[in-house]
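Order of appearance sets the numbers: ligands from 1, and atoms from 1 within every ligand. Nothing fancy with the numbering, it's 1 onward along the sequence.
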Amino acid sequence: MAYDFLKVKTQGGVTVMKISAPKSLNALNSTILGEIDDCIDNLGDDTRVLIITGDGEKSFVAGADISEMAPLGEEEGCEFGKRGAAVFRKIELLPIPVIAAVNGFALGGGCELAMACDIRIASTNAKFGQPEVGLGIIPGFSGTYRLAKLVGQGMAKELIYTGRAIRSDEALRIGLVNAVYEQAELMDKAHEMAARMIANAPIAIAYAKKCINESYDLNADEAIELENEQFGLCFTTADQKEGMDAFLNKRKPVFTGK
Ligand code: CO8
């Protein structure tokens, strides 16, 4: 599928979605949100891991497009927020791992996009922040929810109230990113991580993702019950038989995703 603002390539089980709007540092307008949505809808079974990154060496995504938002009224603002939030939620609910390879500015909607991914790795020049209150708005693509979830309410409140951008070393310290690499290494490291995931059983990964995602909003008993149910379901898969047979026979498993 050809897009105006996305460069998409699938190879060896990994799809790389590169957001490419150089004139605005990859800021997200409605067209780009629509393209991301379409790309997610059209990921085939040959995609085992999705990597989202930004084009160029300066920016992952510099936020939602301020020129598009500037003239909006309440209803349209609400609609724009809903649109972005729905696309990001779709990313979060994908049954495959999604890695954000944050290669520069991840501000506002860019930070929110990265937070909708399962895992964030960043280049040394990356900058994260939620500068919205400086524009008279609040994070509107689910940033108030996900930032607090990832780094705790106190830190999320500080970052959102001050609008302060943080460098990748601080993002690492507060747990917003998993690892920081030199820009030149970032995509290789993302692919390395993806390859390790692809070597494992895809249904088991999907079940683990479901448990981790959903248990956040459950109480302990509900979360444990959900895990138990998903754990049981693993035993209905050919991959469970294969994984355990391979271990017992001292060979490498060959998973089929069944
Ligand atoms: N929207 C539109 N255009 C942008 C954006 C953006 N978010 N970010 C950068 N650009 C454009 C600039 O206007 C500039 O365009 P031009 O060349 O035509 O003047 C071009 O990109 C290059 O930018 P700069 O010249 O500013 O580059 P610098 O290296 O000097 O600075 C920064 C880079 C620090 C990233 C700076 O561009 C900046 O501060 N950008 C805005 C960052 C920001 O505030 N992002 C948050 C936006 S709000 C948001 O994301 C809310 C999400 C929820 C929405 C809910 C909807 C209701």
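- For atom 42 (C) of ligand 1, the closest non-hydrogen atom on the protein side is A62 O, 3.4 Å.
- Closest protein heavy atom to atom 4 (C) of ligand 1: S24 O, 3.8 Å.
- Against a heavy-atom cut-off of under 4.0 Å, P131 is close to the following atoms of ligand 1: 43 (C), 44 (O), 45 (N), 46 (C).
- When each atom of ligand 1 is checked for a heavy atom of M69 under 4.0 Å away, the hits are 48 (S), 54 (C), 56 (C).
- Taking a distance limit of 4.0 Å, we find that atom 44 (O) of ligand 1 is approached by some protein heavy atom.
- Residue L135 approaches ligand 1 through these ligand atoms, each under 4.0 Å from one of its heavy atoms: 44 (O), 47 (C), 48 (S).
- With respect to atom 39 (O) of ligand 1, the closest heavy atom belonging to the protein is L107 CD1, 4.7 Å.
- The side-chain heavy atoms of R164 and E170, taken from C-beta on, include a pair separated by under 4.5 Å.
- Within the 4.5 Å cutoff, the side chain of I96 has no heavy atoms near those of the R48 side chain.
- Among protein heavy atoms, atom 1 (N) of ligand 1 sits closest to I66 N, 2.9 Å.
- Note: no N/O pair closer than 3.5 Å links G81 and ligand 1 by distance alone.
- Of all atoms in ligand 1, listed by their number and element, those nearer than 4.0 Å to a heavy atom of G140 are 53 (C), 55 (C).
- When distances from atom 10 (N) of ligand 1 to the protein are checked, a heavy atom turns up under 4.0 Å.
- At distances below 3.5 Å, not a single donor-acceptor pair connects side-chain atoms of T15 with backbone N or O atoms of L50.
- Against a heavy-atom cut-off of under 4.0 Å, G108 is close to the following atoms of ligand 1: 46 (C), 50 (O).
- Side-chain atoms of K209 come within 3.5 Å of backbone N or O of L94 as a donor-acceptor pair.
- Within a 4.0 Å radius of atom 47 (C) of ligand 1, the protein has at least one heavy atom.
- Ligand 1 is approached by K23 to a heavy-atom distance shorter than 4.0 Å.
- Closer than 4.0 Å to atom 50 (O) of ligand 1 lies at least one heavy atom of the protein.
- Protein heavy atoms all stay at least 4.0 Å away from atom 19 (O) of ligand 1.
- Residue K58 approaches ligand 1 through these ligand atoms, each under 4.0 Å from one of its heavy atoms: 27 (O), 28 (P), 29 (O).
- Closest protein heavy atom to atom 57 (C) of ligand 1: G77 O, 3.2 Å.
- Taking a cutoff of 4.0 Å between a charged side-chain nitrogen and a carboxylate oxygen, E182 and K189 do not qualify as a salt bridge.
- Ligand 1 places these atoms under 4.0 Å from at least one heavy atom of F80: 56 (C).
- In this structure, the side chain of E35 engages the main chain of D4 through a donor-acceptor pair within 3.5 Å.
- Within the 4.5 Å cutoff, the side chain of I36 has heavy atoms near those of the L28 side chain.
- The protein atom (non-hydrogen) at minimum distance from atom 23 (O) of ligand 1 is L25 CD1, 3.6 Å.
- For atom 16 (P) of ligand 1, the nearest protein heavy atom lies 4.0 Å or farther away.
- Atoms of ligand 1 found under 4.0 Å from any heavy atom of E112 (numbered from 1 in listed order, with element): 52 (C), 53 (C).
- Under the 4.0 Å distance rule, the nearest protein heavy atom to atom 29 (O) of ligand 1 falls inside the cut-off.
- Using a 4.0 Å heavy-atom cutoff, G84 is absent from the residues neighbouring ligand 1.
- The closest approach between K127 and ligand 1 stays at or above 4.0 Å for every heavy atom of the residue.
- For ligand 1, the polar-atom distance check against A27 finds no nitrogen or oxygen pair separated by under 3.5 Å.
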